[in-house]
Asks: 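After the structure tokens below, expect a handful of questions from me.
For the numbers below, each heavy atom of this structure counts, side chains included, while hydrogens, waters and symmetry mates do not. Throughout, residue positions are numbered sequentially from 1 according to the sequence presented.
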Amino acid sequence: MDSQSQTTSLQRLQNVEKRVVRVLELAGGVMDELANPTGPRKEFINNHCREFMQKIKDIQMTLRDEIKSACEYRPFEKCDYSSRISNEICCKKLEYVLSQLDEMKQTIDEYHETA
């Protein structure tokens, strides 16, 4: 993950943290309203509950996206180790084939010399 995407990811997580704080404030406001001696105001509770549910939905979506993004992160994506090893193995195989061809040529030359 490059530093810019890390920064934006951290900013998104900080925004989630702020939304969680707001959710707790909303829940506390509803609890205070329910404890009101004159009785709870229905519109106040409805608005707070609506905002509460929307914030929870936003938090879930953001966290799901962040988890998905973290799972897609491959720190060794730009590493060329496997390519280099594959090339090294191919070179060794090629050296082996060349040595076998040299031995075959030597055997053929020896055959022609004896004939």
Side-chain angles (χ1 to χ4, degrees):
M1 208 181 275
D2 63 355
S3 63
Q4 185 177 5
S5 64
Q6 281 180 337
T7 301
T8 56
S9 179
L10 288 176
Q11 288 170 341
R12 285 190 296 270
L13 291 175
Q14 285 174 340
N15 288 335
V16 165
E17 184 179 11
K18 289 176 186 174
R19 281 185 245 151
V20 168
V21 169
R22 178 64 184 148
V23 162
L24 294 173
E25 289 171 349
L26 289 168
V30 167
M31 294 301 291
D32 286 344
E33 187 64 25
L34 290 173
N36 190 348
T38 61
R41 294 172 290 178
K42 187 175 180 181
E43 190 62 30
F44 179 87
I45 290 177
N46 284 340
N47 288 339
H48 273 60
C49 288
R50 193 175 302 113
E51 186 179 351
F52 176 90
M53 292 306 292
Q54 185 59 49
K55 294 284 185 197
I56 291 293
K57 184 178 176 183
D58 293 345
I59 290 167
Q60 285 177 327
M61 288 175 47
T62 304
L63 290 177
R64 186 179 301 121
D65 290 343
E66 288 303 310
I67 290 168
K68 187 177 176 183
S69 174
C71 291
E72 292 170 352
Y73 174 60
R74 291 177 177 83
F76 302 110
E77 190 172 75
K78 295 181 181 178
C79 179
D80 64 345
Y81 177 76
S82 63
S83 304
R84 289 185 308 154
I85 290 299
S86 179
N87 286 341
E88 188 68 30
I89 290 170
C90 287
C91 285
K92 294 296 180 186
K93 287 179 179 179
L94 186 59
E95 287 174 5
Y96 177 75
V97 168
L98 287 173
S99 72
Q100 293 298 311
L101 286 173
D102 284 343
E103 287 180 23
M104 288 173 68
K105 184 180 182 303
Q106 186 178 1
T107 302
I108 291 170
D109 287 346
E110 288 174 1
Y111 174 78
H112 285 300
E113 287 177 5
T114 59

Asks: Any chance you could measure I85, atom CD1, to C90, atom SG, to the nearest 0.5 Å?
Replies: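 Reported to 0.5 Å precision, the distance equals 11.5 Å.
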Asks: Using atom types as modelled and distance alone, determine if a side-chain donor or acceptor of S69 lies under 3.5 Å from a backbone N or O of D65.
Replies: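 No, because the side chain of S69 does not come within donor-acceptor range (under 3.5 Å) of the backbone of D65.
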Asks: Can a donor-acceptor pair be found between the side chains of N15 and R12 at a distance below 3.5 Å?
Replies: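 Looking only at side-chain atoms, R12 and N15 do not form any donor-acceptor pair under 3.5 Å.
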Asks: Apply side-chain contact (heavy atoms from CB on, under 4.5 Å) to E88 and K92, showing your working.
Replies: CA-CA 6 Å; E88 188 68 30; K92 294 296 180 186; 3.7 Å; yes
Asks: Which value, rounded to the nearest 0.5 Å, describes the distance between Q11 atom CD and T8 atom OG1?
Replies: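 Answer rounded to 0.5 Å: 6.5 Å.
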Asks: Decide whether I56 and M61 are clustered together by the hydrophobic rule: side chain heavy atoms of Ile, Leu, Val, Met, Phe, Trp, Tyr closer than 4.5 Å, transitively.
Replies: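 No.
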Asks: Would you tabulate the side-chain donor-acceptor contacts of residues 24-35 under 3.5 Å, counting partners in other chains and residues two or more places apart, or write 'none'?
Replies:
from: E33; atom 1: OE1; to: R41; atom 2: NH2; distance (Å): 3.0
from: E33; atom 1: OE2; to: R41; atom 2: N; distance (Å): 2.8
from: E33; atom 1: OE2; to: R41; atom 2: NE; distance (Å): 3.0

Asks: Does anything in residues 17-48 form a ring-ring contact (aromatic ring centres under 6.0 Å, His included)? List the pairs, not counting sequence neighbours.
Replies: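 Those involving residues 17-48 are F44-H48.
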Asks: If we count only N and O atoms by modelled type, under 3.5 Å, do the side chains of Q54 and D58 hold a donor and an acceptor together?
Replies: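 Note: Q54 and D58 side chains meet the donor-acceptor criterion.
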Asks: To the nearest 0.5 Å, what is the distance between CD1 on I89 and CG on L94?
Replies: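 It is 13.5 Å, given to the nearest 0.5 Å.
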Asks: Taking all non-hydrogen atoms of both residues into account, name the closest pair between L13 and E66 and its distance.
Replies: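 Taking every non-hydrogen atom into account, CD2-CG, 3.9 Å.
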Asks: Any sub-3.5 Å donor-acceptor pair from T62's side-chain atoms to I59's backbone N or O?
Replies: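 No, the answer is negative, given that no donor and acceptor are paired below the 3.5 Å cut-off.
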Asks: Which value, rounded to the nearest 0.5 Å, describes the distance between Q100 atom CD and M104 atom CE?
Replies: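 With rounding to 0.5 Å, CD (Q100) is 8.5 Å from CE (M104).
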Asks: Indicate, with yes or no, if M53 and V23 share a hydrophobic cluster defined by side-chain heavy-atom contacts under 4.5 Å among Ile, Leu, Val, Met, Phe, Trp and Tyr.
Replies: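 Yes; tracing contacts between hydrophobic side chains, which count when under 4.5 Å, links both residues.
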